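Heads up, the thing below is written out as structure tokens.
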Amino acid sequence: MDFSLSDEQKMIQQTVHSFVERELIPLEREMMQSEGKYSTGIEPELYHELQAKAKALGFWGINTPEAYGGANLGAVMSALIAMELGRTLVPFTFGGNADNILYYGNEQQKQEYLIPTIEGKRRSCFALTEPGAGSDPSSIRTAAVKDGNHWIINGQKVFITGGNEADFTMVFAVTDRDKAPQNGGVTCFLVDREMGWTSRPVPTMGGWSPAELFFENVRVPEDHVLGEVGQGFSLGMQWIGQGRWLIASRCVGTSERLLQMAVDYSRQRVTFGQPIANRQAIQWMLADSAVEIQATKWLALHAAWKADQGLDNRHEASMAKLFGSNMANRVVDRVMQVHGGMGYTREMPIERWYRDLRVTRIYEGTDEIQHFIIARNLLKGYVKIGAWE
Ligand SMILES: Cc1cc2nc3c(=O)[nH]c(=O)nc-3n(C[C@H](O)[C@H](O)[C@H](O)COP(=O)(O)OP(=O)(O)OC[C@H]3O[C@@H](n4cnc5c(N)ncnc54)[C@H](O)[C@@H]3O)c2cc1C
């Protein structure tokens, strides 16, 4: 067994690390002051300038196939990069990527949606959740009815990340009430904003807002079905599945940065004549955090490694997301505690992370849904306890 990174992995990791230190961390103060103003956390022009800078360093299209000009670095490398990017509050990602399910488009859809999204000229959003259907997407009510060579969509979506800024959406609608959603009842459509859907921000406890989307008799040409009619549910699950181990990876980076802050602060903060680092109460918080971060790191990398091997990693991805998101919430809480009153102020990024990290236990499958998936896999024998891979 070899846990070491290759020279190439180390080099990429180090370059991203320096980019985060040099370009992103210095923007955090401004970002905290302009909370809620930009969906990109910082001014969009600056965000795109940074993406261009990163592109010049070769960081573009991390997960995009070479055929589309991407670097296609694979899942393990993506996880390592997400860990580095997670070290900053700035919600930065490298350019040149598109939603995995857009690759299911036909040639015309690839020209119209996939390639412009990769190039950063168009912005997508993934619209599955509804006011009455979150954890259980099989109960979505948004419906599409055939009318000649168009579909007419009616319904409402909620909590859609990027939905306020997107110029098109991948929206999921019931197209056949006689079939189960998992079995051909749901279809995914590519729908431009100009076709008539509208959006409204949903304020949250985090730094920016997802959107509510409204579809009122939105007419969509029939060649805007993504994949096949009835394939929507499986496309939706594919989109959701790939984010889980990346959320865990990002949590690793955030928690490492927070832990470092706690280590530094505890060494210099003196109470009753001694640095608080000398107190066992503080040491245990640091030690527990270090152990849990390390555990998440291996969970996330194992899930990523399985993806790179072409193996089914859904069980591992759920375990990584469940453990990693809870770990990050525990770590930020401890780090705030170590900082005392300072941790609670808006002078430091801790309180913002305390709020922002909470959603990692909710989106892309709540804690309870991850527990459910993991337990189902065990009880139904889909995975073998103790199996190596
Ligand atoms: C900031 C943010 C961004 C998001 N981005 C997107 C996006 O881009 N696109 C999109 O489609 N969706 C998005 N979502 C929606 C997200 O995926 C859902 O909020 C999530 O799946 C939970 O659904 P819900 O909110 O309807 O909660 P519910 O499903 O109503 O669940 C409520 C509670 O009941 C629990 N629960 C539900 N079922 C069970 C069960 N069977 N057993 C035990 N407990 C259960 C849940 O875990 C939760 O604790 C986003 C959400 C947020 C907050």
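Keep in mind the model is a prediction, meaning the values are calculated, not measured. All ligand and atom numbering here is 1-based and tracks the order in the structure.
Of the protein's non-hydrogen atoms, the one nearest atom 45 (C) of ligand 1 is Glu368 CB, 4.1 Å.
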Exercise for review: Applying side-chain hydrogen bond (donor to acceptor under 3.5 Å, both in side chains), run through Asp333 and Gln337 and close with a yes or a no.
Suggested key: CA-CA 6 Å; Asp333 185 72; Gln337 199 65 18; over 6 Å; no
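Between Thr366 and ligand 1, a contact under 3.5 Å exists for at least one N or O pair. Taking only nitrogen or oxygen atoms, main chain and side chain alike, Leu128 reaches within less than 3.5 Å of ligand 1. The N/O atoms of Tyr363, backbone and side chain alike, include none that comes under 3.5 Å of an N/O atom in ligand 1.
The pair Glu130-Arg141 does not count as a salt bridge, with every side-chain nitrogen at least 4.0 angstrom from each carboxylate oxygen. At a threshold of 4.0 Å, the pair Arg355-Glu351 counts as salt-bridged, since one of the basic side-chain nitrogens sits closer than that to a carboxylate oxygen. By the 4.0 Å N-to-carboxylate-O rule, Lys37 lies too far from Glu43 to be salt-bridged with it.
One side chain, Tyr104 or Gln238, offers a donor N or O that lies under 3.5 Å from an acceptor on the other.
Residues Met32 and Val90 share a hydrophobic cluster, clusters being chains of Ile/Leu/Val/Met/Phe/Trp/Tyr side chains in contact below 4.5 Å.
There is a protein heavy atom less than 4.0 angstrom from atom 8 (O) of ligand 1.
Within ligand 1, the atoms closer than 4.0 Å to a non-hydrogen atom of Ile160 are 7 (C), 8 (O), 9 (N), 10 (C), 11 (O), numbered from 1 in the order shown.
Among Pro137, Gly134, Pro131, the residue whose heavy atom sits closest to atom 24 (P) of ligand 1 is Gly134. Nearest to atom 6 (C) of ligand 1 by heavy atom, out of Phe126, Phe159, Phe372, Phe172, is Phe159. Nearest to atom 27 (O) of ligand 1 by heavy atom, out of Gly236, Cys125, Ser135, Ser139, is Ser135.
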